[in-house]
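The structure appears right after this line, and notes come after that.
Here the structure is a predicted model, which means the values were calculated and not measured.
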Amino acid sequence: MTTLFTSYRLGGLTLPNRMVMAPMTRVRAAAGGLATSSMATYYAQRATAGLIVSEGVQPSAIGQSNPGTPGLHTDEQVEAWRPVTAAVHANGGRIFAQLMHGGRVSHSDTTGLQPVGPSAVPAVGDVFTPTGLQPAPTPRALDTAEVPEHARSYAEAAHRAVDAGFDGVELHGANGYLISQFLSSNANLRTDRYGGPVANRIRFAVEAVAATVEAVGGDRTGIRFSPGGTFWGVQESDVRELYTALLTELAPLGLAYVHLEATADEEMLVALRRAWPGTLVMNPVLPMGPKQTSRDDADHWLGLGADLISFGRAFLANPDLVERLRGGLPIAPVDEATYYQGGDAGYLTYSAHQYAG
């Protein structure tokens, strides 16, 4: 019988369990978007996960959303990531880089550039900048001729990720960032081949994935979605039609996985499971919500057909989460005040359970 601790073959990798560490922004990168020795320790501490997906990594300078986040668009960034991936592998782990282009969820004070998006429609809410929260600016709408270069930026970053030692990449197609903005019916008001009907709104996502697959292979490529999610003010009309069409277009590309967030009701998510013939990673609870994913949540979704289960906040406070869940041990709470404050407190200071013997 399949359990959370049953091994799983994912592309060219054998995962020792079905637990995925979900991507989580930690804003601990050094100037220039460089990974640090603390990041190497942080990810290596959690290497017992079947798979780690890194924090969001910008694929280009204009793709940076938040200050303090790492990149994969310069040679220096590649070099900085190598000790991180080496540390994870030395501890027996596997790690994918999440490639996250912020699109309109950015600010010129962060990047020195005007954010871009499918249309000149600002995100809803305040964005992080080096001087604190500021209202989301109006992005510059991309010209039709420019759109393919932003799709290719994921592929170029994926090539750098593999060079840096990552086992693969996950495109961030969720939570109101650039791919999600193109899927949206209110952030994307385009009238060209990238906007309007579902077949056009999914085009950017498909082109970004196809370019990445061409660059590093389908077995090294995953993508994350938040069906029906409303992050940063995005809305999606015809959610089931949109994602069924998208998954149908992605199916022939031989992806490592699709990663879904529980942003739609269970009936919808189960329908999308049936529409996707490949590996499905399920994140059972809402990002930034009050609840951490539990063993019961994981078992429930394995029973509904998910292949792998991603855990976010539980992995922050419990670097040995796999062992804790296997042994039915207490799960430590996370200190939300340390999510984005920088430094090692609330980053490297969570300890493993003290095991007897």
Side-chain angles (χ1 to χ4, degrees), residues 22-39 42 54-74 76-77 80 97-142 150 153 157 172 174-181 184 186-187 226 229-235 261 286-290 312-313 316-317 333-350:
M24 291 171 285
T25 298
R26 302 310 310 273
V27 294
R28 260 75 172 185
L34 302 182
T36 67
S37 60
S38 290
M39 290 164 67
Y42 168 76
S54 81
E55 63 210 276
V57 180
Q58 53 260 16
S60 61
I62 201 168
Q64 182 175 4
S65 179
N66 300 318
T69 52
L72 269 169
H73 51 92
T74 70
E76 293 77 14
Q77 290 164 351
Q98 190 193 60
L99 304 179
M100 172 182 155
H101 190 312
R104 68 180 187 171
V105 185
S106 183
H107 200 281
S108 60
D109 285 2
T110 299
T111 64
L113 302 164
Q114 182 183 5
V116 295
S119 300
V121 179
V124 175
D126 295 335
V127 296
F128 292 99
T129 77
T131 55
L133 291 171
Q134 295 193 50
T138 299
R140 180 179 65 81
L142 290 166
H150 289 269
S153 73
H172 197 346
N175 297 7
Y177 298 109
L178 186 62
I179 291 174
S180 174
Q181 291 159 32
S184 169
N186 70 338
S226 51
T230 57
F231 304 95
W232 297 107
V234 300
Q235 296 175 10
E261 298 178 16
L286 284 172
M288 307 307 295
R313 285 154 292 174
L316 297 188
V334 67
D335 179 7
E336 296 184 12
T338 62
Y339 278 177
Y340 313 123
Q341 73 172 19
D344 289 345
Y347 192 58
L348 305 184
T349 51
Y350 292 112

OG1 of Thr338 to CZ of Arg26: how many Å apart, nearest 0.5 Å? 6.0 Å
Rounded to the nearest 0.5 Å, how far apart are CH2 of Trp232 and CD of Gln181? 10.5 Å
Show the nearest heavy-atom pair for residues Thr110 and Phe128, with the distance to one decimal. OG1-O, 3.5 Å
Taking all heavy atoms of Thr111 and all of Ser106, pick out the closest pair and write down the distance. CG2-OG, 3.7 Å
Under 3.5 Å donor-acceptor, Ser226 side chain and Asn175 backbone: yes
Partner residues of Gln134 under the side-chain contact (heavy atoms from CB on, under 4.5 Å) criterion, sequence neighbours left out: His107, Asp109, Thr129, Thr131
In Å and rounded to the nearest 0.5 Å, what is the NE2 to CG distance from His150 to Leu178? 7.5 Å
Check whether any side-chain N or O of Asn186 sits under 3.5 Å from a backbone N or O of Val234 as a donor-acceptor pair, and report yes or no. no
Scan side-chain atoms only and decide if His101 and His172 contain a donor-acceptor pair under the 3.5 Å cut-off. no
Any residue meeting side-chain hydrogen bond (donor to acceptor under 3.5 Å, both in side chains) with Asp126, in chain and number order, not counting sequence neighbours: none
Show me the side-chain donor-acceptor pairs of residues 60-68 shorter than 3.5 Å, one per line, residues at least two apart or across chains.
{"residue": "Ser60", "atom": "OG", "partner": "Gly63", "partner atom": "N", "Å": "3.1"}
{"residue": "Gln64", "atom": "NE2", "partner": "Asn66", "partner atom": "O", "Å": "2.9"}
{"residue": "Ser65", "atom": "OG", "partner": "Val105", "partner atom": "O", "Å": "2.6"}

Check Pro115 against Ser108 and note the closest heavy-atom contact, atom names and distance. CD-N, 4.3 Å
ring-ring contact (aromatic ring centres under 6.0 Å, His included) partners for Tyr347, two or more places apart: Tyr42
So does Gln77 get a backbone contact from the side chain of Thr74, meaning a donor-acceptor N/O pair under 3.5 Å? yes
Under 3.5 Å, which donor-acceptor pairs link side chains of residues 116-123 to any protein atom two or more places apart or in another chain?
{"residue": "Ser119", "atom": "OG", "partner": "Leu189", "partner atom": "N", "Å": "2.8"}

Please report the shortest heavy-atom distance between Gly56 and Pro70, naming the atom on each side. O-CD, 3.9 Å
What closest approach, in Å, do Tyr339 and Leu316 show between heavy atoms, and which atom pair accounts for it? CE2-CD1, 3.8 Å
Looking only at atom types and distance, does a side-chain atom of Arg28 sit under 3.5 Å from a main-chain N or O of Gly343, one as donor and one as acceptor? yes
Can a donor-acceptor pair be found, under 3.5 Å and without considering hydrogens, that links the side chain of Gln235 to the backbone of Ser184? no
How close do Ala97 and Leu72 get, counting heavy atoms only, and between which atoms? CB-CD1, 4.1 Å
Counterpart residues, side-chain hydrogen bond (donor to acceptor under 3.5 Å, both in side chains), relative to Ser54 (two or more places apart): none
